[in-house]
Each structure stands twice: as C-alpha cells, then as structure tokens.
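Every chain is numbered from 1, with letters handed out A, B, ... down the list of sequences. Only heavy atoms go into these numbers, but all of them, side chains included; no hydrogens, no water, no symmetry mates.
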There are 2 protein chains.
Amino acid sequence: MSKPKDKCEIWVVDQDRVEATRRTLPPDEIFTLLAENFSALADSNRAKILHCLLEQELCVCDIASIVGISESAASQHLRILRTLRMVTQRKQGRMMYYSLNDEHVKTLFKISLEHARQA
Amino acid sequence: MSKPKDKCEIWVVDQDRVEATRRTLPPDEIFTLLAENFSALADSNRAKILHCLLEQELCVCDIASIVGISESAASQHLRILRTLRMVTQRKQGRMMYYSLNDEHVKTLFKISLEHARQA
DNA sequence: TTATTATTTTAGCAGTTGCGCATATATTAA
DNA sequence: TTAATATATGCGCAACTGCTAAAATAATAA
C-alpha cells in the first residue's frame, strides 16, 4: 500500500495503475453529457414515449393516451426530451407533433431495448 | 377527434393509430428493466467507474481514488451496479475486486460513450 | 486475544424528480 | 368579441438519489 499524493487521504493499492487509469478517463463534460442522456431514458414513461416515436410522429394527447399518463405529464416529459435534443416538434394548428430528432437516438434506443429484452 | 374507450377521459386525435401504437409497445417489465439499466448509467460517477473497469479489475479503494469519491460512496455505487448485474466481485484477502460482468455491458457502454463524444 | 484495515451498511440530510393540479398561452370556432 | 381546445408552465408534494458520517463486518497482523 502506498501513501496518497497531495492532501487526499485515500490509500491506494496500486499507485501506478491508479494514475494510469485516471489518465484514460475522458474529461468530466463527457460523463456529464453521458449521464444526462441516460437519465432521459432512465424513466419508463419517457422510454415508452420514445418507443412510440420510433416509426411516426405523434401529438401530445395521443402520446399521453398511448402511454397512459396525463397530457401535462406527457408535455413535461417531452420538454425534457426536447431539451436534450432527442425529439423535435412541429406545430400544426393548435396541436404539437413530436418526432425523434435523429437516427442517433433511434439507434441507441433500439440497441438498448435489445439488451433489456435479453436480460 | 374521437371519444376515448373505457373510462379514460383523454381525447385522442387518431384512435386507430393510438391503439395500433399501443399494441406495438413491449410489456411494462421491459420498460422497467430498460429504465433501471439506464439509471445505472445516469450518474456520472457510476459512468466513470464503469469506464475504469473497461480493461481491468480494480479494488474499491482504487476505484474511489481514481474517480475522486469516498470509499463509502464507491461501495454504494458498486452495490447498485452489482444489483443490476453490470459488475461482478472477487474477494482476495480483505479486498474486493470488481470487474465488468460481461461484454454486453462493455459494448453498450462503449457505444453510448461514442454517442456522448459526438454530441 | 486485540488492533488494524478494506469494505459494507445504516441513518440522516439536501437536492432532484415525476406527477397532479391550477393557471397561462395560443389557436380555432362561433 | 367570447368560448372551446391543445399544449405549456408554475407550484407543491411525495418519493427517490447520492452523499457524509458513523457503526458494523470481515480478514489480517501483532
């Protein structure tokens, strides 16, 4: 066991490996982004919403009806997905149609869904 | 606009599409699983832990040191990842070595990291 | 045995999240 | 104009999360 560097009080088992591994870590912003994107999918209702949008665009009240939540709740979920650029909106009359923003989201979502099915 | 079925008070725009889309939804358990798995990655410290374990196994105190959190916090994160079968543990003396559970996790994590980098 | 050490667990707390409810905004119809 | 409607937004609350601090476990050393 070796002493820690700096003022950190944590003792480490393998100082060299610890430092080498720390250097392989991407910058914090990457992990923040990663966590933000995953948190969008970390709610089953939002995951359902994305699933509904895989092959079509839908208005808020239809999304709410399909998923089984209030229109207010749907709207709030859609705002979160919109902020993370996972969906886009198109206004037609007094209705707002939502769709997936890009193939990016679609691909990641489908891959993850496969993983969940196999689990 | 058509009336809703059952006692639901939500009005829907396209009843047929709503019902058809609802039928394409996988069962709730799938979305629960999906959300659980994503929530594991929805924390930047847990994401860092997984990154550290991509190419090697590490003990708790080294993980804590690399990520920059307390050993208690690391242990709690590892318990979450263990519950979700994303990591496995191996005891050696009084130290516990953690490693990724399977290629499954590795693949999903790497793909997601790529997506985050591009964002 | 007792002391030390690596990890785990528990309790408590501040911060966050998802939802219901009420209200606000925007568009259309009368 | 007023009324109705689709969505958005602000507020409050219960539930959840991640952390620290302290205590508990488990394994080794003295």
Would you say A:Y97 and A:E57 are linked by a side-chain donor-acceptor pair, where the criterion is simply a distance under 3.5 Å? no
A:Q76 meets the side chain to side chain donor-acceptor pair (under 3.5 Å) criterion, sequence neighbours left out, with A:S72
A:M96 CE to C:dA26 P, in whole Å, measures 11 Å
First encountered from the 5' end of DNA chain C, between A:A74 and B:R79: B:R79
Quick one: A:I69 CD1 to D:dA8 P, roughly how many Å, whole number? 12 Å
Atom CG of A:L84 and atom P of C:dT17 are separated, to the nearest Å, by 11 Å
Does C:dG20 have OP1 or OP2 sitting under 4.0 Å from an N or O in the side chain of A:S70? yes
Is the count of non-hydrogen atoms from other residues, nucleotides or ligands lying under 6.0 Å from B:R90 atom CZ greater than 12? yes
Please state how far atom CG in B:L78 lies from atom P in D:dC19, giving the value in whole angstrom units. 12 Å
Start with the C-alpha gap between A:K110 and A:E55, add the side-chain angles, then the distance that decides, and say whether salt bridge (Lys or Arg N to Asp or Glu O under 4.0 Å) holds. CA-CA 12 Å; A:K110 283 188 170 176; A:E55 308 298 340; 3.6 Å; yes
Less than 3.5 Å apart, any donor N or O on the side chain of B:Q15 or B:R17 sitting next to an acceptor on the other? no
Rounded interatomic separation in angstrom, taking CG from B:L58 and P from C:dT7: 11 Å
Output yes when at least one side-chain N/O atom of B:Y98 is less than 4.0 Å from OP1 or OP2 of C:dA6, else no. no
Examine distances only and state if a side-chain atom of B:D102 and a backbone atom of B:V105 form a donor-acceptor pair shorter than 3.5 Å. yes
When the distance from CG of B:L81 to C1' of C:dT8 is rounded to whole Å, what number comes out? 15 Å
Take the protein atom CD of B:E71 and the nucleotide atom C1' of D:dA21, then report the distance between them rounded to whole Å. 14 Å
According to side chain to side chain donor-acceptor pair (under 3.5 Å), who are the partners of A:T21, at least two apart in sequence or on a separate chain? B:Q56
When you check every protein heavy atom under 4.0 Å of nucleotides 22-30 of chain D, what one-letter string (B, S, -) results, 5' to 3'? ----SBBS-
Could you list the residues that satisfy side chain to side chain contact (heavy atoms under 4.5 Å, CB included) with A:N45, not counting sequence neighbours? A:D43, A:K48, A:V67, A:I69, A:H77
Separation of D:dT9 C1' from A:R82 CZ (nearest whole Å): 11 Å
Could you pull out the protein-nucleic contacts involving nucleotides 11-18 of chain D (nitrogen or oxygen on both sides, under 3.5 Å)?
{"from": "D:dG18", "atom 1": "OP1", "to": "B:R46", "atom 2": "NH2", "distance (Å)": "3.0"}
{"from": "D:dG18", "atom 1": "OP2", "to": "B:R46", "atom 2": "NH1", "distance (Å)": "3.2"}

A:S75 side-chain proximity, nearest of C:dA6, D:dT7, D:dT20: D:dT7
Only counting residues at least two apart or in another chain, list the ones meeting side chain to side chain contact (heavy atoms under 4.5 Å, CB included) with B:I111. A:L108, A:I111, B:T107, B:H115
